[in-house]
Number of protein chains: 2
Amino acid sequence: MQYERASASERRYLPPAVAVSVVAFALRPPVDAERGGDAERGGDADTSDTPTIWIPLVRRTRAPFLGDWALPGGPTEWDETLADTALRTLRAAARREPGHLEQLYSFGGVERSAEAQRLVTIAYWALYGEHQLDAEPETSATPAPATAQQQRPRRWDDPLPPAPALAAPQHAIDERGLAQPAGENVAWFSVDRLPALAFDHAEIIDHALSRLRAKTEYAAVAYRFLGPEFTLSRLRAVTEAVLGESVDPANFRRQALARGGLVDTGKLESGGAHRPAKLYRFTEPS
Amino acid sequence: MQYERASASERRYLPPAVAVSVVAFALRPPVDAERGGDAERGGDADTSDTPTIWIPLVRRTRAPFLGDWALPGGPTEWDETLADTALRTLRAAARREPGHLEQLYSFGGVERSAEAQRLVTIAYWALYGEHQLDAEPETSATPAPATAQQQRPRRWDDPLPPAPALAAPQHAIDERGLAQPAGENVAWFSVDRLPALAFDHAEIIDHALSRLRAKTEYAAVAYRFLGPEFTLSRLRAVTEAVLGESVDPANFRRQALARGGLVDTGKLESGGAHRPAKLYRFTEPS
DNA sequence: GCAAAAGTGTTACCGGTACACCCATGG
DNA sequence: CCATGGGTGTACCGGTAACACTTTTGC
């Protein structure tokens, strides 16, 4: 706060600033021509329509790294836990409540920031479920705009409303934590087509991605990308998108059910030109 | 530093202090009557002489938690990385260089400390190998004291020199980072017979223990408790001590060798009333 | 020779993978 | 009745656990 005036020689008398950065994953169907347009389609797993992983980034409006994109985040307030800070700054940037939040790692290198004050960053990663993305952005008290392209309840594989640039004044918080008008300064990016990133945020995103992949292999995490009820195919599609490889449907079914936590709701999802699929819920086994 | 004078009302104008705490594991043979003496012998795995896990703690000499024991640690200096701080404070407390250091988790709850200033702690965990424990304590420039009980080269299952209380002035650094005479204020404790702990350090130790156990199951970590050369039995004994369960020698041998990284030195370790065992080294596969 | 630990071999089992096969629905 | 995805059955394969067995030392 008042440390902006600090010269490099004063640096040793200042305690390090504590900030939080959040890598918030969400899933979108593969809409090419979203930003950066076309280019090679990943090259990842299969040619099918697996969704891709997206994260929100905030454009920096001041030096250093002016114009580059950075993770949502900011310094902790005196009465916040670290998780509180992560949630607050993520809400401010994406204007949505994440479905899961978990600490990732702390970065405390001496020369992380080009600024005078030393910066220690605790990184978090978060997940957005489809229901959180569907929900109207918070903050904007204006009721449902009901624009043409968003009439019926959004289905999982509908395109996501493009990182809403709304009329109502929103705010984002940049790395130094100074609130400022954002609006156009927040955008979602596919993790395999990221822009120039500020600080060591590329490294943090890599770290978060490998953690996400590791956890989907041994823990039940993928379901958090989905709404409260889902079919096993949807869950498998999410898993394939995260792991970047295709998974045998039959074996996935058995393993997912054997791992526990999945509850048959009794309901079915019809609509496709095929046998209707059972809908499942997830209950924490703890 | 100058934040000692901060009243609770000033708190919101202060940035949080950033400190590091270190859980440093070492192995000792099961010497009962070391501190707290006797009591029930664990009840863990088997009745054999598996070693036990010990950690160094520092007695607090000021409020809060005066008289309780705390993890080695202290605030980061302006020109230190977080790992630097962990190493420095651990050296100051245990006066030995650890063989492994890894970040554990960051604790940033609002009310962690009872003091005025908010405290964010980044926890690390470290491992001491037997060769690091054998080495003469650093800092003390006095050459080998060569007291009666320490003449021949120490073997792995010899009792460890009891948390040396030396003549030379040592220093430990308490949670607030103020250097002060320590000597008797550092002691090693068995993790299943810990004293009253300051702050949330009991929780941090639990966290570190489960991480240690998890890592020994899927990664090659146990060998770091040993010296540069070791037999597979010793490695197995370490693994059993960490996991708290006995392991089949035959299968352990095959799996350890299959995992890679172990190199046959060609040497043998004779001395027991049985067939001599091959000595192995470890090479990082990276 | 005997005890004790090093080291090898053998077998049963279990979880994961691959893939063939039926089921139910829309068109 | 055909295409499509939902859902089930099953054979195979590799890693692990269990344990019998041989080897080499000290006493």
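To find a chain, count down the sequence lines: A is the first, B the second, and so on, and within it residues start at 1.
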Integer-rounded Å distance: dG7(C) C1' and Leu257(B) CG = 10 Å
query = Can you name the side-chain hydrogen bond (donor to acceptor under 3.5 Å, both in side chains) partners of His274(A), sequence neighbours left out?
reply = none
query = Aromatic ring centroids of Tyr280(A) and Phe282(A) under 6.0 Å?
reply = no
key: Integer-rounded Å distance: dT8(D) P and Phe252(A) CZ   = 15 Å
inquiry  = Tell me which one of Arg96(B), Glu97(B), Arg224(B) satisfies side chain to side chain contact (heavy atoms under 4.5 Å, CB included) with Tyr128(B).
reply    = Arg96(B)
remark   = Given protein heavy atoms under 4.0 Å, the one-letter contact record of nucleotides 18-27 of chain C, with B base, S sugar-phosphate only and - none, is simply BB---BBBS-
query = Leu243(B) has an atom CG; how far is it from atom P of dA17(D), in whole Å?
reply = 11 Å
ask   = Are Trp125(A) and His207(A) close enough that their ring centers fall under 6.0 Å?
value = no
query = What is the distance from CZ of Arg253(B) to C1' of dC21(D), rounded to the nearest Å?
reply = 15 Å
request  = Verify salt bridge (charged side-chain N to carboxylate O under 4.0 Å, His left out) between Glu240(A) and Arg236(A), making sure each step is shown before the conclusion.
outcome  = CA-CA 6 Å; Glu240(A) 287 177 334; Arg236(A) 181 175 54 86; 3.3 Å; yes
request  = Could you tell me the separation between the CD atom of Glu245(B) and the C1' atom of dT16(D), rounded to a whole number of Å?
outcome  = 14 Å
key: Arg275(A)/Glu269(A) under salt bridge (charged side-chain N to carboxylate O under 4.0 Å, His left out): CA gap, chis, key distance, verdict   = CA-CA 9 Å; Arg275(A) 174 173 170 178; Glu269(A) 188 196 61; over 6 Å; no
inquiry  = Output the rounded distance in Å from CD (Glu269(B)) to P (dG26(D)).
reply    = 12 Å
ask   = When the distance from CD of Glu217(B) to P of dG15(D) is rounded to whole Å, what number comes out?
value = 19 Å
message = Measure CD/Glu240(B) against P/dA17(D) and give the value in whole Å, please.
response = 13 Å
ask   = From the list dG7(C), dT8(D), dA17(D), which nucleotide is the closest neighbour of the side chain of Gln255(B)?
value = dA17(D)
